[in-house]
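In what follows, a structure is listed as structure tokens, so that the remarks can point back to it.
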Amino acid sequence: MSDAMRAVERLSAPVGTTLSRFIVQEQKHFPEALGELSQLLADLSFAAKIINRDVNRAGLINSDGGVGGQNVQGEEQMKLDVVADIRFARALQRGGQACAIASEEMENFIDAGNHESRYIVALDPLDGSSNIDVNVAIGTIFSIYPRKSPIGTPPQLDDVLQPGTEQVASGYVLYGSSTVLVYTTGRGVNGFTYEPSLGEFFLSHPHMRTPENGRIYSINEGNWNDFPAGIRAYLDGARQRKLTARYIGSLVADFHRNLLKGGIYLYPPTVKAPSGKLRLLYECNPLAFIVEQAGGTATDGTRRILEISPGELHQRCPLYIGSKQMVEQVQNALKDTPEPPSQP
Ligand code: AHM
Ligand code: MG
């Protein structure tokens, strides 16, 4: 082949599979599907594109300041996580496929007004609050459930308080050195990378699998004195085996890295947070669904995360999530040394 032909071939290479095309192709595996879930995923990815733009321009538009503060033009500032919450709620309300939305940013779930729709969305619109103002990777986490109440009626709290096993889809968006959207509908996990010049997510990580074992552990070791004895024992072992410590402090970013490379993320109960810090509905459950679909595990130390029945919207739970063997080791360490966190 001549150089010219090679150049033509290179320049006209296919750009790949867009997220929208992939969603439509996936829908064909669910013959009874009416396209509502596909539309919901499309709405979420559209809002994610807008958040991505906002995150990238955060320093310029002063949206990284505190709520109620003022920017240099004397305009009201709004924190990016609040902006993200508004954008997702608007996209879902207007998209028409979510009848209720539960968010980390809202005390109660909201009735999205779409009473004919069949789905509930729980989400953390912008997770990693301590990293928002300092240009460190942050993320969105979402979870989709079928409603339990009859179609055509207003959604109820029980629609939102379902165990993770009931999820029909979940995913996350990582706003990092590139922006990645990863999701599952229970048929494996696929990841898409955002191409800013085309404004599209493209399939970049098909059929994601996480290694059975890994060498990375991610935990806020500053809380060492508060950890249950079993966790301290596990961490001692990890140091002896010279594992690698990596902790960004953004769950999505730590989770994504460990998913790809093999590792474990731990947020144990502490004295300050006796039930752990992370929220079951929109942080633990969606990532637990993804990790299991990718061959990994998620527990609260004794129970499978997905089987925990939530009693309230913002319920917290300890989280040990990642490579199967590493999570098992943590569970064993907790069993062998079953002491609660020490009291101050
Ligand atoms: P947030 O929802 O207020 O952002 O809190 C959740 C975040 C996670 O992204 C992160 O893994 C964890 O909190 C970090 O907590 P800590 O600062 O205690 O290590
Ligand atoms: Mg959060």
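Read the numbers this way: they start at 1 and go in the same order the structure lists the ligands and their atoms.
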May I ask you to identify, for Asp254, whether its side chain, its backbone, both or neither come under 4.0 Å of ligand 1 on a heavy-atom basis? neither
Do [X] and [Y] meet the criterion of a side-chain donor-acceptor pair at a distance under 3.5 Å?
X      : Y      : result
Asn223 : Thr270 : no
Glu195 : Thr193 : no
Arg187 : Thr185 : no
Ser218 : Arg257 : yes

Counting heavy atoms only, name the option from Lys277, Glu221, Lys272 that's nearest to atom 15 (O) of ligand 1. Lys277
Out of Gly276, Gly249, Ser218, Gly222, whose heavy atom is nearest to atom 10 (C) of ligand 1?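 The nearest heavy atom belongs to Gly249.
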Pairing residues for Tyr175 by the ring-ring contact (aromatic ring centres under 6.0 Å, His included) criterion, not counting sequence neighbours: none
Does a side-chain N-to-carboxylate-O contact under 4.0 Å join [X] and [Y]?
X      : Y      : value
Arg94  : Asp43  : no
Glu166 : Lys148 : no
Glu221 : Arg239 : yes
Arg304 : Glu307 : yes

Can you list the protein N, O or S atoms less than 2.8 Å from the Mg ion (ligand 2)?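 Near the Mg ion (ligand 2), the protein supplies Glu104 OE1, Asp124 OD2, Asp127 OD1, Glu283 OE2.
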Can you find an N/O atom of Leu251 closer than 3.5 Å to an N/O atom of ligand 1?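 Looking only at distances, the answer is yes, because the N/O contact criterion of under 3.5 Å is met.
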Polar contacts were defined as any N/O atom of the residue lying under 3.5 Å from an N/O atom of the ligand; does this apply to Asn220 and ligand 1? yes
Do the ring centers of Tyr282 and Phe142 come within less than 6.0 Å of each other?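 For Tyr282 and Phe142, the ring centres are not under 6.0 Å apart.
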Flag the pair Tyr194 / Phe201 as yes when their ring centroid distance falls below 6.0 Å, and as no otherwise.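 Yes, the ring of Tyr194 comes within the 6.0 Å limit of the ring of Phe201, centre to centre.
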Per-atom contacts, ligand 1 versus [X] - under 4.0 Å to a heavy atom:
X      : result
Glu104 : 1 (P), 2 (O), 3 (O)
Glu283 : 2 (O), 6 (C)
Ser250 : 9 (O), 11 (O)
Asp124 : 2 (O)

Could you identify the single nearest non-hydrogen protein atom to [atom] and state the distance to 0.1 Å?
atom                    : result
atom 3 (O) of ligand 1  : Ser129 OG, 2.8 Å
atom 14 (C) of ligand 1 : Tyr247 OH, 3.1 Å
atom 6 (C) of ligand 1  : Asp127 OD1, 3.3 Å
atom 18 (O) of ligand 1 : Tyr267 OH, 2.5 Å
atom 11 (O) of ligand 1 : Tyr265 OH, 2.6 Å

Under 4.5 Å between side-chain heavy atoms, counting indirect links through other Ile/Leu/Val/Met/Phe/Trp/Tyr residues: same cluster for Ile144 and Ile305 or not? no
Could you go step by step and tell me if Ile86 and Glu105 meet the side-chain contact (heavy atoms from CB on, under 4.5 Å) rule? CA-CA 9 Å; Ile86 294 169; Glu105 298 296 324; over 6 Å; no
Work out whether the distance between some heavy atom of Gly128 and some atom of ligand 1 is less than 4.0 Å. yes
